[in-house]
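Below is one structure, written out as structure tokens; the observations come after it.
Proteins come first, then strands; the chains are lettered A, B, ... in the order of their sequence lines, and each starts at number 1.
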Amino acid sequence: MNYGNVKNFKTRLHSFLVFLKTQNLGVKDYLSELNEAQQQAVVSSEGPVMVIAGAGSGKTRVLTYRIAHLLKKGVDSFNILALTFTNKAALEMKDRIEKIVGNKEARNLWMGTFHSIFARILRIEGEKLGYPSNFTIYDTDDSKSLIKSILKEQNLDEKTYKSSVVYNRISSAKNNLISWQKYNSDSDIQADDRASGKPKMGLIYEQYQKRCFSSNAMDFDDLLFNMNVLLKNFPDVENKYQHRFKYILVDEYQDTNLSQYLIVKKLAAAHENICIVGDDAQSIYSFRGANIQNILNFKKDYPELKTYKLEQNYRSTKNIVNAANSIISNNRDQLKKDVWTSNDDGDKIKIIRTLTDNEEGNQVANSIFDTKYSRQGRNKDFAILYRTNAQSRAMEESLRRKNIPYKIYGGLSFYKRKEIKDLLGYFRLTINVNDEEALKRIINYPARGIGNSTIEKIGVAASEAGVSFWSVIENPNGYNLGINAGTYTKLQEFITMIKSFKVQLITLNAFNLGSHIATSSGILREFYNDKSPEGLSRYENIQELLNGMKDFSDTPISNDDAEVVDDSLRTLDKYMQDIALLTDDEAENPEDRDKVSLMTIHAAKGLEFPYVYIVGLEENLFPSQMALNSRTELEEERRLFYVAVTRAEKCLTLSYSTSRYKWGNVTHCEPSRFIEEIDPSYLELPHSKNTSSSHIYSDIDSFQDTASYTQKPNNTNKTTATNHPPKPPIEKRNLVKLSKATTINTSDKSPTFEGDDTSKLQIGQHVEHQRFGTGIVSKLEGVFPNQKASVNFTAVGEKQLILKFAKLKILH
DNA sequence: ACCGTATTCAGCGCG
DNA sequence: TGAATACGGT
């Protein structure tokens with residue numbers, strides 16, 4: 001996400017609100033847009049409520065209308081807490097609520113992800129736990145890097161203690177509220193770790209927590225864990241938030257883990273106005289700690305519970321809905337519900353069978369190509385869904401051959417790119433000098449002669465003393481570092497530089513300080529001098545980040561009348577708090593508007609497409625080999641398949657190949673058991689007559705492919721390994737700029753109240769605001785397009801306005 | 001400090 | 001297969 005998008009979004013929203021007002025569209029008739037079950041779920045605002053929402057049944061609609069309904073009833077938005085799992089879901093809900101009740105009413109809603117809401121509370125209350133309000137939030141990379149440092153210091157084998165395994169173990173402990181103290185005193189856990197040959201796991205956990213703490217840092221799981229601690233150990237805090245959040249809503253409840261479950265339960269304890277929405281059939285995240293029992297057992301926590309089932313599917317055809325039902329009926333653990341639709345029967349589900357994975361790609365691409373023309377479809381109406389990311393390659397190649405534009409979701413996100421993380425590292429250290437991971441990342445980047453051995457010496461001293469790296473460097477005399485005078489000077493120079501940034505935190509805005517840091521740290525020069533395509537792209541990405549910061553800095557908080565409500569300096573630490581928990585919502589790039597979507601099924605959850613292809617339906621791939629050991633795991637795979645199937649609106653195609661490359665070898669594959677689980681009356685089985693010319697040729701192709709691969713000599717020389725023509729660099733797509741942060745959509749005009757061009761507005765001019773009436777411009781600040789004006793209105797007095805939103809009419 | 005080569009590993013991934 | 005990382009030589 002970037003601020004350009006937010007801005008465009010605000011502009012759009014503003015236009016829409018103006019439109020609503022002028023159309024005199026009341027908010028009363030919103031209930032008439034709902035079916036009976038939806039209406040009940042919306043209006044039963046008091047007491048515990050569970051909404052079981054089948055796929056495509058209008059879940060988000062119910063959630064948003066429910067909140068709108070509360071607000072219309074006079075509930076203060078300040079008293080409503082709405083928790084989601086993704087930023088995207090939160091944004092979408094906010095968007096829709098604002099459309100119903102207006103920005104003003106919705107502004108104080110506590111709506112966001114579990115992590116962002118609790119981070120916000122911890123910034124306020126964290127001092128009680130010993131955290132300053134500017135604590136850093138470690139992302140997964142930071143956590144793993146810290147684990148690696150600890151392994152080195154403890155002389156532990158990095159293979160026995162793989163950082164990802166250790167990370168998951170610690171994460172799962174925290175999500176089950178097992179502190180390191182508890183972990184180390186629990187004999188079962190200890191025995192378990194000894195049995196798996198990892199007896200030092202508890203020690204690593206302890207070190208990890210201590211290091212995070214001395215770095216003033218929390219990882220993602222700590223945000224939830226510490227929120228639990230806060231509520232448990234500080235009754236006054238518990239009391240405060242219990243009474244603030246009179247109404248609580250939780251989306252995707254089937255995906256909550258124990259830690260989240262307990263927080264919600266505690267917060268809801270005073271009023272018990274809790275509404276959870278979810279679908280047990282779409283629980284697909286148990287591998288990261290989600291506990292489906294939370295929704296299955298919700299009734300036990302609240303015996304007074306009212307349950308509403310949203311069973312009418314508005315998304316898909318009868319064939320698709322019924323096929324999905326027949327799949328999920330194979331699962332034992334589920335809440336009973338009958339999903340149905342009044343939509344047409346639609347096409348039967350098609351099945352494509354091929355001999356190789358490349359051929360699978362070709363046939364899917366052919367089918368998309370044909371359907372696109374026969375049904376007048378757009379590219380963006382199509383999605384290809386797969387179980388594992390590795391499957392995307394064959395699809396990409398085939399689509400490229402047919403010149404079908406596509407977009408892969410789930411690549412390297414903007415904020416995870418090296419150059420961005422480097423610059424953010426400087427920002428992080430400036431804000432929180434104890435941030436160990438930020439310090440390690442940048443202390444010698446760009447190179448300034450502070451090598452690994454020096455950093456290791458500092459690390460040893462720091463962890464022995466239980467203080468941060470920064471404290472050691474800042475006051476080196478207190479420790480026996482054994483570094484030479486030259487290095488010592490370099491360290492001092494580094495410290496001085498960061499300190500010089502730090503003092504400017506309160507005097508400069510985010511953009512000005514950010515660009516100053518980018519320049520004087522040498523980061524910008526580093527990438528500027530690199531004239532390779534990668535270097536160029538990195539340089540552009542840095543520019544992109546700075547553009548976003550400029551937008552952030554120039555845009556004070558305003559309301560839907562474009563009135564400035566918070567004009568305080570938009571500083572770097574505010575910026576960092578804003579982006580800390582963001583993963584970018586790509587897709588806003590106008591070039592990506594009409595493309596076929598390629599993504600994993602997990603990534604497709606919550607989305608819908610007219611034409612969906614689920615590929616790689618083979619035993620050991622989908623269901624995954626790793627899920628064949630237990631019924632619960634297999635049931636989760638089946639739910640995943642259910643999610644995939646229910647993404648389709650009009651037409652669903654399943655495909656499998658009888659052979660596939662796995663880790664460089666051709667493996668024989670059996671069709672997935674999931675295909676057989678679909679009631680055959682909804683299927684269009686592959687006929688043998690299905691041999692259009694393209695298929696014949698493709699089959700010959702695929703045999704040749706297979707032959708050439710099997711003949712390949714063992715030694716895999718890179719220059720001869722492939723007989724495909726050199727392909728355009730796919731890697732480029734990861735470096736493509738995500739979006740234009742500075743684009744301002746000036747053509748986005750309100751349908752009823754058109755503002756004049758205010759770029760040349762002058763002091764003393766008479767203007768008209770569609771809400772505040774007429775007034776005289778008394779002051780102008782900033783440069784177009786981020787110009788602000790103070791206007792003395794006859795009716796309401798002086799207001800500060802952001803010109804690009806305010807849509808002022810110039811009077812003569 | 002840096003580069004090329006060897007080795008290893010491969011499931012989905014929110015915040 | 002191929003990417004990510006560790007290693008080892010200069």
How many angstroms lie between atom NZ of A:K174 and atom CE of A:M218, to the nearest 0.5 angstrom?
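Rounded to the nearest 0.5 Å, the NZ-CE separation comes out at 10.5 Å.
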Less than 6.0 angstrom separating the ring centers of A:H602 and A:F287, yes or no?
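Aromatic pair counts; centres sit under 6.0 Å.
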Within residues 614-636 of chain A or reaching into it, pairs that qualify as ring-ring contact (aromatic ring centres under 6.0 Å, His included) - sequence neighbours excluded:
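Every pair satisfying ring-ring contact (aromatic ring centres under 6.0 Å, His included) with a residue in residues 614-636 of chain A: A:F622-A:F641, A:F622-A:F674.
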Take A:F118 and A:L224 through the side-chain contact (heavy atoms from CB on, under 4.5 Å) test and state the conclusion after the steps.
CA-CA 7 Å; A:F118 301 143; A:L224 306 176; 3.6 Å; yes
Is a donor from one side chain sitting under 3.5 angstrom from an acceptor on the other, for A:N432 and A:T136?
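Indeed, the side chains of A:N432 and A:T136 share at least one donor-acceptor pair under 3.5 Å.
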Is there any protein nitrogen or oxygen under 3.5 Å from a nitrogen or oxygen in nucleotides 1-5 of chain B, and what are the pairs?
none

Sidechain N-carboxylate O distance under 4.0 Å for A:E637, A:R387:
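The answer is yes: the pair qualifies as a salt bridge.
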Integer angstrom distance from the P of B:dG13 to that of C:dA4
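Going atom to atom, P in each nucleotide, I get 15 Å.
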Which whole number of Å gives the distance between the C1' atom of C:dT5 and that of B:dC12?
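Those two atoms are separated by 23 Å.
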Looking at every strand, decide which applies to A:E158 at a 4.0 Å heavy-atom threshold: base, sugar-phosphate, or nothing.
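Since only primed, P, OP1 and OP2 atoms lie under 4.0 Å of A:E158, the category is sugar-phosphate.
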Between protein and nucleotides 9-15 of chain B, map the contacts as a letter string: B base, S sugar-phosphate only, - none, heavy atoms under 4.0 Å, written 5' to 3'.
-BBBBBB
Pi-cation contact, A:Y445 with A:K440 (under 6.0 Å, within 45°)
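No, A:K440 and A:Y445 do not form such a contact.
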Hey, can you tell me if A:Y131 and A:F135 have their rings parallel, tilted or perpendicular (30° and 60° cut-offs)?
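Judged by the thresholds at 30° and 60°, the geometry between A:Y131 and A:F135 is perpendicular.
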